[in-house]
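Quick note on labels: first sequence line is chain A, next is B, and so on, each numbered from 1. Computed from heavy atoms alone, side chains included, the values below leave out hydrogens, waters and symmetry copies.
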Amino acid sequence: MIIFSEAPDLPEASSYRLKSGHRLESEMIETIQRAEKSQSDDSSLVRRLQSGDAHAFEELVRGYGPRLLRVARRMMKTEEDARDAVQDAFVAVFKSIKVFEESSLLSTWLHRICINACLMRLRTQRRKPEEDIETYLPKFRDDGHQVDPSMSWRESAEGLLQTKELCTLVRSSIDRLPETYRIVLLLRDIEELTTEEAAETLGITPNAVKIRLHRGRQALRTLLDPHMREELR
Amino acid sequence: MKSTPHITCREVIAFLADYMSHELPEAKNKEFERHLSVCESCVAYIASYEETIRMARLTTSTPELDVDDVPSELLEAILASRDRSS
């Protein structure tokens, strides 16, 4: 399971399945209490940040720096770019903390700022000519059937990803996607923004997000397909 | 009575994301199910499409970081930039 950094970590539901009802209940109460305490600690931190407390800024950077670096590493293609984006994000936080009204969790707000910082950096980077996404989309005959019928991928992702080569292949295939589609795929499938949040972040319509996401996923599938079929032999 | 034409693989794949997120109208959904009951290629396509999403998530998932995992020079640079902006 992927644990995303922006929300208080909640235990995986399946981990409760074999536990007794009483233990389940007490663990859930503990989880809720931890989440409430974390929220309360964040509110206190925000107030100290807004009053200009220098120690609070250090606490923020040390507390959330690791989470933001993790997000930036997912978004950016190089470590240097990821670090620069995190620094940009904190500069933006320092400038705007006074107007943060806590209408969202501090962690959610920081996550969004970090994503925006990454997007800003990606936009300013010189773009390589992008391949046409159509190249990677399925082709159809006049009667609507696929030109190349799809074949099953027999093994599950978990099994196949045990091999380092395949992990590298998946990551490099994501990086090969045309940037417009790669970004939407990252925001929706990896960072788990909603369609509306991704649309707002990118300044495009929700429908455009849906179209780009579907095409991005299809293109990634096409890039992986020959390698996954090879596994069958 | 005129029968409803069956949807094609092209339509199934075009509306796949809506199908997976249960956003298709009831009638369209039934057409999807009918197509999938006879089209192995589309069934395979959908399974591999879902697997693609899972693989993307799994490979980009990295371990939680601790503050000690953040390069000290980055922490220092961030705090210095705060000093400059205050």
Minimal non-hydrogen separation, [X] against [Y], with atom names:
{"X": "A:Ile190", "Y": "B:Ala56", "result": "CD1-O, 3.6 Å"}
{"X": "A:Val91", "Y": "B:Ser81", "result": "CG2-OG, 3.6 Å"}
{"X": "B:Ala77", "Y": "A:Gln87", "result": "O-NE2, 3.5 Å"}
{"X": "B:Tyr45", "Y": "A:Ser150", "result": "CD1-OG, 3.2 Å"}
{"X": "B:Thr60", "Y": "A:Arg74", "result": "O-CD, 3.3 Å"}
{"X": "B:Arg10", "Y": "A:Arg141", "result": "NH2-O, 3.1 Å"}

Task: For chain B, the option from A:His145, A:Lys139, A:Gln218 that forms the most heavy-atom pairs under 4.5 Å - done: A:Gln218
Give, for atom [atom1] of [X] and atom [atom2] of [Y], the distance between the pair rounded to the nearest 0.5 Å.
{"X": "A:Leu68", "Y": "B:Ile78", "atom1": "CG", "atom2": "CD1", "answer": "8.0 Å"}
{"X": "A:Ile174", "Y": "B:Met55", "atom1": "CD1", "atom2": "CE", "answer": "9.5 Å"}
{"X": "B:Asp69", "Y": "A:Leu69", "atom1": "CG", "atom2": "CG", "answer": "9.0 Å"}
{"X": "B:Tyr49", "Y": "A:Leu220", "atom1": "OH", "atom2": "CG", "answer": "10.5 Å"}
{"X": "B:Asp66", "Y": "A:Arg62", "atom1": "CG", "atom2": "CZ", "answer": "9.5 Å"}

With a 4.5 angstrom heavy-atom cut-off, which part of [X] approaches chain A: side chain, backbone, both or neither?
{"X": "B:Leu79", "answer": "side chain"}
{"X": "B:Ala17", "answer": "both"}
{"X": "B:Glu50", "answer": "neither"}
{"X": "B:Ile13", "answer": "both"}
{"X": "B:Glu11", "answer": "neither"}

Task: Heavy-atom pair count under 4.5 Å with chain A, highest-scoring of B:Ser41, B:Pro71, B:Ala47 - done: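 Of the candidates given, the most pairs with chain A belong to B:Ser41.
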Contacting region of [X] [heavy-atom separation from chain B under 4.5 Å]:
{"X": "A:Lys210", "answer": "side chain"}
{"X": "A:Ala89", "answer": "neither"}
{"X": "A:Asp84", "answer": "neither"}

Open item on the list: Run the side chain to side chain contact (heavy atoms under 4.5 Å, CB included) test on B:Glu51 and A:Leu224 for me, step by step, so that the C-alpha distance in whole Å, both residues' side-chain angles and the decisive distance to 0.1 Å come before the verdict.
Closed with: CA-CA 10 Å; B:Glu51 205 68 3; A:Leu224 298 176; over 6 Å; no
Task: Donor + acceptor pair across side chains of A:Arg217, B:Thr52 (<3.5 Å) - done: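 Distance-only check fails for A:Arg217 and B:Thr52.
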Open item on the list: With a 6.0 Å cut-off (strictly less than), is the heavy-atom count around CD of A:Glu80, excluding the residue itself, greater than 12?
Closed with: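 No, not enclosed.
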Open item on the list: Is it the case that atom CD in B:Glu40 sees more than 12 heavy atoms from other parts of the structure closer than 6.0 Å?
Closed with: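 Atom CD in B:Glu40 is not packed in, count stays at 12 or less.
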- [ ] Please test A:Arg221 against B:Ser48 for side-chain hydrogen bond (donor to acceptor under 3.5 Å, both in side chains), starting from the C-alpha separation and ending with a verdict.
- [x] CA-CA 7 Å; A:Arg221 184 208 159 276; B:Ser48 55; 2.7 Å; yes
Task: Check: A:His214 side chain, B:Phe15 main-chain N or O, donor-acceptor pair, under 3.5 Å - done: no
TODO: Report yes if the side chains of B:Leu75 and A:Val61 come closer than 4.5 Å at any heavy-atom pair, otherwise no.
DONE: yes
